[in-house]
Amino acid sequence: MPELPEVETVRTGLEKAIKGAAIHKVTLRRKNLRIPFPVNFTTVLQGKTISGIGRRAKYLLFSLGKDDVLIAHLGMTGRFTVTNKTPVLLPHDHVIIELNDGRSLMYNDARRFGLMTLAKQARLGAHPLLSALGPEPLEKAFSAKYLKQELVKRSGPVKSAIMDQKLVVGVGNIYASEALFLAGINPLKPAKTVGDKSSELIATIRKVLHDAIASGGSSLKDFVQVSGETGYFQHHFNVYGRGGKPCFTCGTPIRSTRISGRSTFFCPDCQK
DNA sequence: CCTTGAACCTGCGGGC
DNA sequence: TGCCCGCAGGTTCAAG
């Protein structure tokens, strides 16, 4: 998936494109993504107005009228696009949401790690997908005091800690490496040993996410904006994907390793 | 409880 | 050219 900045960019794009639109018809071209579609999925959507599009962590929350919410997650390869006319179906177009104005909202997801399900607005926070999530990284609850208190509890690598959605949401594999580089922290260090860096780490997490949102979220080679235009590595990374290449700060070759199965990049000189 | 590794699934690029 | 392997933005479950 897209990490938080990409999801936020999709949210903004969808809000501009389809907020206020009414749903005419929904077609599911398979019975599940990562999880099954609810049995009443199409009937709940049909006839509803998309009254707003929110976000919690990497989940998109489509308000359907007053009471119902469509929860969507893009997984690794999920894409929403809005078509003007009757869509030409592409491979992995799994959901077609036809709007009353003749346009269609398409969901395409090659790997099907994404999901769509339904919730009631009144009980949204208690939904199993959302109830255990940590604070939003760009909001106040993610404070230096809170982060320190969480870090010192953990013996695993600090990178795993900041990618744990129970500690803080929205930080994925790319921005975890990038934030740790800016903070000068080696991603392999045990979380409990970097508690006194929590203030710097918060600042760099916010900076990398904020900058990515400002640049349109588009760091990923197959990330597609709602309009259908692709964002193709427009974003500048200091370390992610730069294994063996010289650090922009000191020239030392960027090292690549794996932490909890995820590729990880850091400068052995700048990050202690 | 905590942490790691595998699994989910498809496509793509590199090496042979 | 073609095949095989490894790898990819996330999350969840099992096993240690």
Side-chain angles (χ1 to χ4, degrees), chain A residues 1-11 29-37 55-60 71-80 90-94 107-117 127-134 137 149-180 187-193 205 208-209 212-213 215-225 230-237 239-244 256-265:
Chain A
M1 150 189 209
E3 301 187 29
L4 185 147
E6 289 73 25
V7 178
E8 181 59 23
T9 301
V10 170
R11 189 197 68 74
R29 303 190 62 233
R30 53 178 301 120
K31 59 184 187 309
N32 65 290
L33 294 170
R34 199 180 84 209
I35 62 174
F37 291 101
R55 178 187 62 72
R56 173 73 173 107
K58 300 169 192 170
Y59 293 93
L60 289 164
I71 302 176
H73 195 291
L74 303 174
M76 295 277 234
T77 50
R79 301 169 180 181
F80 279 106
L90 300 170
H92 312 301
D93 277 344
H94 304 308
Y107 181 73
N108 182 289
D109 189 349
R111 291 174 74 182
R112 305 201 302 274
F113 288 173
L115 67 83
M116 283 190 207
T117 194
H127 192 281
L129 289 169
L130 308 179
S131 62
L133 294 170
Q149 164 193 312
E150 290 299 312
L151 289 175
V152 299
K153 286 192 229 170
R154 296 164 184 249
S155 60
V158 58
K159 176 170 178 260
S160 301
I162 63 172
M163 287 179 67
D164 184 344
Q165 306 295 297
K166 292 195 294 294
L167 192 159
V168 61
V169 302
V171 180
N173 198 41
I174 292 178
Y175 298 117
S177 279
E178 293 297 310
L180 288 165
L188 292 155
K189 284 198 81 176
K192 57 173 59 169
T193 68
I205 286 171
V208 296
L209 296 179
I213 291 170
S215 74
S218 65
S219 37
L220 305 174
K221 63 173 181 282
D222 55 0
F223 177 68
V224 179
Q225 310 250 16
T230 108
Y232 201 88
F233 277 115
Q234 299 153 339
H235 201 66
H236 166 82
F237 295 133
V239 290
Y240 186 81
R242 298 197 62 247
S256 98
T257 184
R258 291 191 92 73
I259 295 177
S260 291
R262 311 303 300 278
S263 63
T264 303
F265 301 88

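Basis for what follows: all heavy atoms, side chains included, without hydrogens, waters or symmetry-related copies. Chain letters run A, B, ... following the sequence lines, proteins first and then strands; every chain starts at 1. This one's a predicted model, so the numbers in the text were calculated from it and none came from an experiment.
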Q: Measure from NE2 on H94(A) to P on dT10(B) and round the result to the nearest Å.
A: 9 Å
Q.
Would H92(A) and N108(A) count as a side chain to side chain contact (heavy atoms under 4.5 Å, CB included) here? Give the steps.
A. CA-CA 5 Å; H92(A) 312 301; N108(A) 182 289; 3.7 Å; yes
Q. Does a side-chain N or O from T77(A) land closer than 4.0 Å to OP1 or OP2 of dC9(B), or not?
A. no
Q: Between dG10(C), dG11(B), dT12(C), spot the one nearest the side chain of A110(A), thanks.
A: dG11(B)
Under 3.5 Å, which protein N or O atoms sit close to an N or O of nucleotides 2-5 of chain B? Give each pair with its distance.
from, atom 1, to, atom 2, distance (Å)
dT3(B), OP1, S155(A), N, 2.8
dT3(B), OP1, S155(A), OG, 3.3
dT3(B), OP1, G156(A), N, 3.4

Q. Distance-only, no hydrogens or angles: does the T77(A) side chain make a donor-acceptor pair with backbone N or O of R111(A) under 3.5 Å?
A. yes
(Q) Is there a side-chain contact between H92(A) and the phosphate of dG11(B), meaning an N or O under 4.0 Å from OP1 or OP2? (A) yes
Q. Between Y107(A) and F80(A), what is the ring plane arrangement, given parallel below 30°, perpendicular above 60°, and tilted in between?
A. tilted
Q) With respect to the phosphate group of dG10(C), does any side-chain polar atom (N or O) of R111(A) fall under 4.0 Å of OP1 or OP2? A) no
Q: Provide, to the nearest angstrom, the distance between the CE atom belonging to M76(A) and the P atom belonging to dC9(B).
A: 14 Å
**Q.** Length of the line joining D109(A):CG and dT10(B):P, which is rounded to integer Å
**A.** 11 Å
Q. To the nearest angstrom, how far is R112(A) atom CZ from dT12(C) atom P?
A. 18 Å
Q | Atom P, compared across dC9(B) and dA14(C): separation rounded to whole Å | A | 16 Å
Q) With a centroid cutoff of 5.5 Å and a plane-angle limit of 30°, would you call F113(A) stacked on dC9(B)? A) no
Q. Is there side-chain contact between N173(A) and K159(A), with heavy atoms separated by less than 4.5 Å?
A. yes
Q: Could you provide the dot-bracket string of DNA chain C, using ( ) for intrastrand pairs, [ ] for crossing pairs and | for bases paired to another strand, with Watson-Crick or G-U pairs below 3.5 Å?
A: .|||||||.|||||||
Q: Please determine if a side-chain N or O atom of R258(A) lies less than 4.0 Å away from the OP1 or OP2 oxygen of dA6(B).
A: no
Q. dG10(C) C1' sits how many Å from L133(A) CG, rounded?
A. 13 Å
Q | Interatomic distance, I174(A) atom CD1 to F265(A) atom CZ [nearest 0.5 angstrom] | A | 9.5 Å
(Q) To the nearest 0.5 Å, what is the distance between CD1 on I205(A) and CD on E178(A)? (A) 12.5 Å
Q: To the nearest 0.5 Å, tell me how far L209(A) CG sits from E3(A) CD.
A: 8.0 Å
Q | Length of the line joining I35(A):CD1 and dC8(B):C1', which is rounded to integer Å | A | 13 Å
Q.
Using the rule given for side chain to side chain contact (heavy atoms under 4.5 Å, CB included), can you reason through T264(A) versus L180(A), listing the C-alpha separation, both sets of side-chain angles and the distance that settles it, and then say yes or no?
A. CA-CA 10 Å; T264(A) 303; L180(A) 288 165; over 6 Å; no
(Q) Distance check needed: dG10(C) P versus R55(A) CZ, whole Å only. (A) 14 Å
**Q.** For K192(A), salt bridge (Lys or Arg N to Asp or Glu O under 4.0 Å) partners two or more places apart
**A.** none
Q: For N32(A) and dC9(B), give me the distance from atom CG to atom P, rounded to whole Å.
A: 8 Å
Q | R262(A) CZ to T257(A) OG1 distance, which is reported to the nearest 0.5 Å | A | 13.5 Å
